[in-house]
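For clarity, every value in this text was computed on a predicted model and none was experimentally measured.
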Amino acid sequence: MSIPRIAVRRDPEETKPMRFMMLIIPKGYENAAPGTAPDADSVAAMMRYNESLQRAGVLLALDGLHPPSMGARIEFPGGKAKVLDGPFSEAKEVVGGYWMIQVKSREEAIAWASRCPASTSCVIEVRQVQDLADFPQDVQAVVAQYPEVPVSRQ
């Protein structure tokens, strides 16, 4: 006796790969001195994780960021640029690095972030990257006027 097969129609958007940025937010990094770096054991664990992302074919890019004490912020009071050198006293959380991954769903991105060997003082925020198709037609028309600018046009 054979079991009848049921054809399942999938939404084309369901299988379209999506890009997600995973932002690592280490508590206390907002006050880190210039040149602050993680210890070698933490880096080794993170590199094994990075390698697993790469082997799975989901890793697009990754980078760590220097602490805010080495950065600058540009504000625009009255429409004019004003540069503020770090550290930033009002900062409560700052990004310490990121991964750009391409996966099939938000759930898959969260699963990857959950496997990260981050310390107990870290948080990872997962955010989907906007593609041009996510915007209204009038916005897409404006962007289309600049074909040389590297905007995701998926």
Side-chain angles (χ1 to χ4, degrees), residues 11 13-140 142-144 146 148-154:
D11 178 359
E13 292 296 313
E14 184 181 5
T15 57
K16 175 183 165 193
M18 296 178 265
R19 291 177 302 138
F20 286 85
M21 184 170 270
M22 301 187 312
L23 306 162
I24 189 160
I25 304 167
K27 292 179 182 148
Y29 203 51
E30 63 275 6
N31 300 315
T36 298
D39 63 79
D41 289 340
S42 297
V43 171
M46 198 61 74
M47 291 306 293
R48 288 189 296 275
Y49 172 70
N50 296 340
E51 184 180 47
S52 71
L53 289 165
Q54 186 176 25
R55 276 195 319 265
V58 300
L59 183 63
L60 299 175
L62 62 86
D63 281 300
L65 301 173
H66 283 283
S69 56
M70 297 175 67
R73 288 185 176 175
I74 295 78
E75 296 179 351
F76 297 89
K80 295 189 179 197
K82 177 183 174 186
V83 178
L84 304 168
D85 288 322
F88 313 108
S89 59
E90 69 282 354
K92 292 187 176 25
E93 293 181 331
V94 298
V95 175
Y98 72 92
W99 298 264
M100 181 72 72
I101 63 172
Q102 188 166 358
V103 293
K104 294 178 183 170
S105 68
R106 177 178 179 267
E107 292 73 25
E108 186 178 355
I110 290 169
W112 277 110
S114 299
R115 294 181 197 133
C116 181
S119 73
T120 57
S121 66
C122 289
V123 170
I124 295 181
E125 184 174 327
V126 176
R127 309 248 317 261
Q128 186 173 355
V129 176
Q130 292 179 318
D131 289 319
L132 186 56
D134 296 331
F135 290 94
Q137 287 299 318
D138 61 338
V139 173
Q140 291 183 38
V142 170
V143 174
Y146 301 89
E148 69 285 352
V149 177
V151 174
S152 177
R153 300 171 193 272
Q154 294 180 355

Shortest non-hydrogen separation from [X] to [Y] and the atoms involved:
| X | Y | value |
| --- | --- | --- |
| Met100 | Val129 | SD-CG2, 3.5 Å |
| Trp112 | Tyr49 | O-OH, 2.6 Å |
| Ser69 | Ala32 | OG-O, 2.8 Å |
| Gln130 | Arg19 | O-NH2, 3.8 Å |
| Pro17 | Gln102 | CB-NE2, 3.1 Å |
| Ala81 | Ile74 | CB-CG2, 3.9 Å |

Can you tell me how far [atom2] of [Y] sits from [atom1] of [X], rounded to the nearest 0.5 angstrom?
| X | Y | atom1 | atom2 | result |
| --- | --- | --- | --- | --- |
| Glu107 | Ser114 | CD | OG | 11.5 Å |
| Ser105 | Lys16 | OG | NZ | 14.0 Å |
| Thr36 | Tyr29 | OG1 | OH | 6.5 Å |
| Glu125 | Ile25 | CD | CD1 | 5.0 Å |
| Asp85 | Met70 | CG | CE | 12.0 Å |
| Leu53 | Met22 | CG | CE | 5.0 Å |

Measuring only between side-chain heavy atoms, which start at C-beta, is [X] closer than 4.5 Å to [Y]?
| X | Y | value |
| --- | --- | --- |
| Trp99 | Ile24 | yes |
| Arg106 | Val126 | no |
| Val151 | Tyr146 | no |

Over 12 foreign heavy atoms within 6.0 Å of CD, Gln54 |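 At most 12 heavy atoms, drawn from other residues, nucleotides or ligands, come within 6.0 Å of this atom.
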Would a distance-only check, ignoring hydrogens and angles, find a side-chain to backbone donor-acceptor pair under 3.5 Å from Asp134 to Asp131?
->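 It does hold such a pair.
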Kindly say whether Phe88 contributes a backbone atom to a donor-acceptor pair with the side chain of Glu30 at under 3.5 angstrom?
->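 Between the backbone of Phe88 and the side chain of Glu30 there is no qualifying donor-acceptor contact (under 3.5 Å).
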Is the shortest distance from a Lys or Arg side-chain nitrogen in Glu75 or Arg73 to a carboxylate oxygen in the other one below 4.0 Å?
->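 Looking at Glu75 and Arg73, the cut-off is not met.
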